[in-house]
Amino acid sequence: MRVSVYITPKAGVLDPQGQAVLGSLHSLGYTEVADVRIGKYIVLELEGADPAQVEARVQEMCSRLLANPIIEDFRFEAGS
Amino acid sequence: MRFGVVVFPGSNCDADCYYVIKEVLAQEVYYVWHQETDLSPYDCVVLPGGFSYGDYLRCGAIARFSPVMESVRGFAAAGGLVIGICNGFQILAEAGLLPGALLRNTTLRFICRYVDLRVENTGTPWTNSVDRKVLRIPIAHNEGNFVADEETLDRLNREGRVLLRYSDPEGNITAEANPNGAAQNIAGIASENFNVLGLMPHPERCSEDILGHTDGLTIWRSVVNHFERGN
Amino acid sequence: MEAAKPVSELYADLGLTSSEFEDIKRVLGREPSAVELGMFSLMWSEHCSYKSSKEALKMLPTQGPWVLQGPGENAGIIDIGDGLAVAFKMESHNHPSAVEPYQGAATGIGGIVRDIFTMGARPIACLDPLRFGSLDKQRTRFLLGGVVAGIAGYGNCLGIPTVAGDLYFDACYDENPLINVMCVGIMPVRRIIKGAAATPGEAVILFRNRTGRDGIGGASVLASQEFDETSEAKRPSVQVGDPFTEKLLIEASLEMLDAGLLVGLSDLGAAGISCALSETAAKGGVGMAVHADRVPLREDMEPFEIMISESQERMLAVCEPAKAAAVIEICERWGLKATQIGEVIPGDKLEIYWKGEKVVDVPASSLADGPVYSRESARPQYLDRVAAADLSTVEHPSDLNDVLMRLVASPNLCSRHWVWEQYDHMVQLNTVVYPGSDAAVLRVKGTGKGLALSVDGNGRYCYLDPYTGAQIAVVEAARNVIASGAVPAAITNCLNFGNPERPDIFWQFIRAVEGMSDACRALDLPVVSGNVSFYNESFGEAIHPTPVIGMVGVLPDIEKRVGIGFQSQDDLIVLLGETLPELGGSEYLKVIHGLTEGRPPGVDLAKERAVQAVCREAIEQGFILSAHDCSEGGLAVTLIDSCWATGLGATLRVETDLAPAEWMFSESQSRFVVTLKKMDLPRLQEIARAQVGVPVEVLGWVGGKHLVINDWIAMHLEKSREAWRTALENILA
C-alpha cells in the first residue's frame, strides 16, 4: 500500500524558505500570494493492507521520526 | 578526566574535539562508535559537529535513534556531563534531551564565521572558568535558528539555562548580532540540572593560539575544573 | 544485446570520427560490439583521452627530487619531509554546472575529493577558482548562488575546509561559467597507493553507491529500443551528489589502506566503470574479467549503460583474494555496500560478461591510451587589434579617490566574504590564514610546518596574450605563496579553453602551455597534475583562454608566516620591484574605461625570480612584518587591502615620472609590498643587492585611519572598507 505523508512547518513557526519564496513571487509580480509554507512530501510503500493498522503505524512513524512535533505538523493519506 | 567523543556516520568535528581534548587539555579521550552502548568509562560525553547521516530528513533526526543515544539518555539522567556542539546540539534537541529545535538559518545560507557571544551564567559546569563577559567563537552551520515556544523560553530564562547569546562585541543583544534568526539570540542552552549543554558555536575551533583565538578553551577548562572540584 | 543501428552507423552519433572507428576495428581485428563501441566512444573522448592536448602537455616540467608522483595518476604527490606527502589536483566541472549549478558544483567537489583519497591521502583542503558572466545578468546570479551553495553543501558535509579560491566576472563566461575545483590531501609517504592491479587472481571489488543512469551522454543512442514514449525516462539524468556517502567512502578507504588490504584503488569518474577498469588493468599490465550483471543497480539497465554510467560516489578496489572478506567487512561497518564484480586475469584483456556471455573483449590499454592528435594552430586575428590599442591617449579622471572607491567596490575586486563564509573554512583545525589573504596557510599537525595554498589565473591577460597571461598565472601564484612565508613546491592546473578543433583556439592553448612551461622552468616548479577543459563557449564565442594554476608551497617553520595586514604604527612600507606604465588588461581600464585592450603586463622571468628570492629571504630572516603581492587593481588596491586587514592606515610620499593613475593602477608584475621596522631597512637592502634588478623603494609609513598617497588619495578606511565589504552582497540582493 502507498501512503503519502505531508509535513509542513507548524503554524507560528517561522519558515525562512517560505518567506524567501514569497518575496521572490512578489518581485515577479504575483502579489496575490499572501503566504508560502514549504514542507516535505514523503511517499511510503508499505506491506500489509489492514487500513487501521497501517494508519496506527504511520501515525507512529510520523511522530517518532518523519516529523519533529516541536516545529512541524503532519498529515497522511493512503493511496497514490 | 576521561572524555568520550561519539562518532556517528557523517560526524566531521569528532577528530577536532578529540585533538583539543588530548593535545590542548591533556585529558584522556576515546572515540565512541555510534553502535556502542557502554558509556560508564567516561566523565564527559561529547556529541561533535558534522552532518550525521548526511543531515538527511532533519539535522540530527536519524542520529538520535543510534544505539549510543539511548545510553546518552541514561548517562545524562544519572547526572553525567554531555556536550553537544552544532550537529551535536541538533541531535540533543531531536532526542528531547534539550528543549526546542534548530531550524534553517533565516539567511538560507550556511554561515561560517566568528561571532561574539555574551555569557549569561557563569555558575555552570560549562562556564565556571569564563573570565569575561563576551566570548569570540566561530559558528559553522546551516540550521542554527533556535526555536521554542514562549513557555519554554520563559522557563529557560527563569532558570538561567540560556548560557550563551549572540551579541555585539560589547555584549549588547541586537538583531544585527543574530546570525541565524535564533529566538532571543540564543546560541547555547543547558538542561535543568545543567549537566547537558547544547551550543551552536564550536569551542574546539578556537582553543589554540595558532588558530587565532583561544576563547573556546574557557569552556573546555570549565568542564575540567568542574570535574576536578567535584572529585 | 541488439542495437538499433549497426555499429558502422552508430559511431558518428557517439562522437567518434571515421578514422577513429577504423582504428578501433584495427585494434580489435573485427567490428566492435555495441557495448565496446560505447566504451571506446567515452574513453577516446577529449575529456578522457586528452587527445588534443597530450602532445602539448609534454612541454611542461614534471620532475623534481621532491616529486613522488607526477601526472598520469588521479593526483600528483610531493614529499614535504617528516615522512609526509601531499597529494593535490585541480579539475573542471564547467559544463555540468552550467546545466544545474548546485549539483554540478557539488559533484565536482565529490570527484576531485575522490581523486585525492584514492591516492591514500586524507583530504585537508579544497580551493575553488570560479569564473562567471556579467553580474548584471539574472542568469549569472542564479549560477553563482547555485554553484557556491553546491560547493558548500558538499564540501561542508565532508568536513573538508574550503580555504581559498578566486572569483572573476566577465561577459565571456555568460553562458559557460568555469567551475574549477582543487583538493589537497596529506598522508604518510608509506600509504601512497596507485590505481593499478598487479597479479592475476586478485579480487576486483566495487563499493557503495548503486549504479543508475546518471550522466549517460550521447551514448544513449545505443539503446536497443526505438525512441517512443519511454524515451523520456531513458534520458540521462543530472548527476546528483551524495556527500554523506562520500564521507563514508573516505573513512572506509583510508581504513583499508591503513590496514594494508589493498593493491589498487580507483574512483569511478568520467566514463565510470569502463575507465576505472581499463586504467587499473592497463597500469598494472594485466587483464580483468568482470561480470557487469553483478554491479548493484538502482534501476533496470543494459550492459552498455552499466559500463558507462557516471553515477557518483563509487570506488573500485583491487586486493588479494584472501583479503576480500576484510575489505567487505570494513565497508559494511561504514554502512557501504561492497560487491566483488570480477578478478584480475593474465594477459592484457578487459573482458566483460553479461549473464555468462562475453560482451566485451578488448586490450585494456587500447581503451586507456586513446588516439593523439596534432591540431592545427593559427594566431587569432583579434590579437593585432587589441595589441595596437594606444593607451597613452586614455584620459585619467581627476578624482582619484572616486576611481579607487569604484575599483574596490567593483565585482572583480570587492570582498568575497559572501562566498567564503558559506564554506566551512575552519574544520580540521588546520586553517591558520583564512580566505581573503594572498594564500591560505594550513598547519601540518605534528610538525612545525605549514602549507600555503593559492590559485590564480586571469583570463583577460590570456585573451590579450595567452603566453604572457599563462606566465602571470604561474608567477603570481608563486608570489602569493611566497608572501605568506612559504617556498613554492609544485603546481597543478586546469586549462579552460574553447574548441580545440579551431586553429585560433588551439593556438591560444599552445601559447598558454608554452608560457606556463617557461615560467615553471624558471621558478623550478614541477606540474604534478592537472586537467584540460575544451569546448567552453558562450553564444558560439569561445571564453577567454583561462589557464588556472593551483600552487602548493611549504613553510618550513609556520611561526615565520606573514600576513597581508599592516602591523604597527610607523612601520616602513617598502615596494620590492618596479612599477611600469602597464595599464593593458587592467581592472582600472575595464572598470573605469570599459576597455579590454592593450598588452598585459610584461613578465621578465629573471627579474621575477630575483624579487621572489629577495622577499623569501627577507621573510626567512624574520624581520618582514607584512607582505602582500601586487596584482589586479595595482598598488593602490594592494595598499588599501593591507590597511583594511588590520585597520591601520598609511601615508605615502611617492616620487615618480608616471601619471598618478598609472602608478596606482598599473598591474606590473614582480612586485611585493612589505613592511618592516626602520632599523631593518639596511638588511632588506643588503638582501636585494645580492640579486640583480630588484629595486627597494620606501613608499611611506604605517599609521592613522586613512590611506594617504601624495595629494592623489585620502581615503577613510572604515567607510571605504564597508563599501568594499558589502559590494557583492549589495549587487546580489
Side-chain angles (χ1 to χ4, degrees), chain A residues 1-28 30 33-47 54-78 80, chain B residues 52-67 69-70 73 87 89-111 141-153 155-156 175 178-186 189 198:
Chain A
M1 181 192 283
R2 173 172 291 191
V3 177
S4 301
V5 181
Y6 303 85
I7 296 167
T8 46
K10 226 180 176 64
V13 169
L14 176 71
D15 172 13
Q17 282 188 83
Q19 290 304 301
V21 170
L22 178 67
S24 189
L25 286 171
H26 282 181
S27 70
L28 291 171
Y30 301 105
V33 181
D35 194 18
V36 178
R37 309 286 283 170
I38 295 181
K40 295 189 190 88
Y41 170 57
I42 300 174
V43 180
L44 305 173
E45 298 284 355
L46 287 95
E47 287 167 4
V54 165
E55 177 166 344
R57 299 281 290 171
V58 173
Q59 178 78 30
E60 193 182 309
M61 293 176 206
C62 287
S63 46
R64 285 189 71 197
L65 175 64
L66 301 180
N68 178 345
I70 298 173
I71 47 172
E72 292 167 326
D73 289 325
F74 64 86
R75 66 183 176 81
F76 56 87
E77 56 198 37
S80 47
Chain B
S52 56
Y53 296 91
D55 276 355
Y56 297 153
L57 191 63
R58 285 183 316 281
C59 302
I62 301 178
R64 69 163 280 211
F65 289 105
S66 292
M69 283 309 293
E70 226 13 78
R73 190 181 300 278
N87 194 226
F89 184 12
Q90 294 161 344
I91 295 168
L92 288 171
E94 278 283 342
L97 286 167
L98 289 172
L102 293 138
L103 288 183
R104 190 134 179 230
N105 300 341
T106 43
T107 59
L108 299 180
R109 289 193 297 272
F110 190 96
I111 305 168
H141 61 248
N142 206 17
E143 285 90 2
N145 176 356
F146 181 78
V147 293
D149 56 38
E150 284 303 318
E151 197 190 315
T152 306
L153 290 172
R155 194 168 158 211
L156 287 172
N178 187 340
N180 51 29
Q184 300 180 2
N185 287 38
I186 290 174
I189 57 169

CA sep, side-chain torsions, deciding dist, call: I186(B), L153(B), side-chain contact (heavy atoms from CB on, under 4.5 Å): CA-CA 10 Å; I186(B) 290 174; L153(B) 290 172; 3.8 Å; yes
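At a 4.5 Å heavy-atom cutoff, D149(B) makes no contact with chain A through either its backbone or its side chain. Residue Q19(A) does not touch chain B at all, counting heavy-atom pairs closer than 4.5 Å. Within the 4.5 angstrom heavy-atom criterion, atoms from both the backbone and the side chain of L57(B) approach chain A. When heavy atoms are compared at a cutoff of 4.5 Å, I7(A) does not approach chain B at all.
Across R64(B), R58(B), R104(B), the residue that shares the most heavy-atom pairs under 4.5 angstrom with chain A is R58(B). Residue with the most contacts toward chain B among D15(A), V13(A), L65(A), I71(A): L65(A) (heavy-atom pairs, distance under 4.5 Å).
The minimum heavy-atom distance between I91(B) and G60(B), with the atom names listed, is CG1-CA, 3.6 Å.
From K40(A), atom NZ reaches atom CZ of F74(A) across 13.0 Å, with rounding to the nearest 0.5 Å.
Heavy-atom contacts from other residues, nucleotides or ligands closer than 6.0 Å to CZ of R57(A) number 12 or fewer. More than 12 heavy atoms of other shown residues, nucleotides or ligands fall within 6.0 angstrom of atom CD in E45(A).
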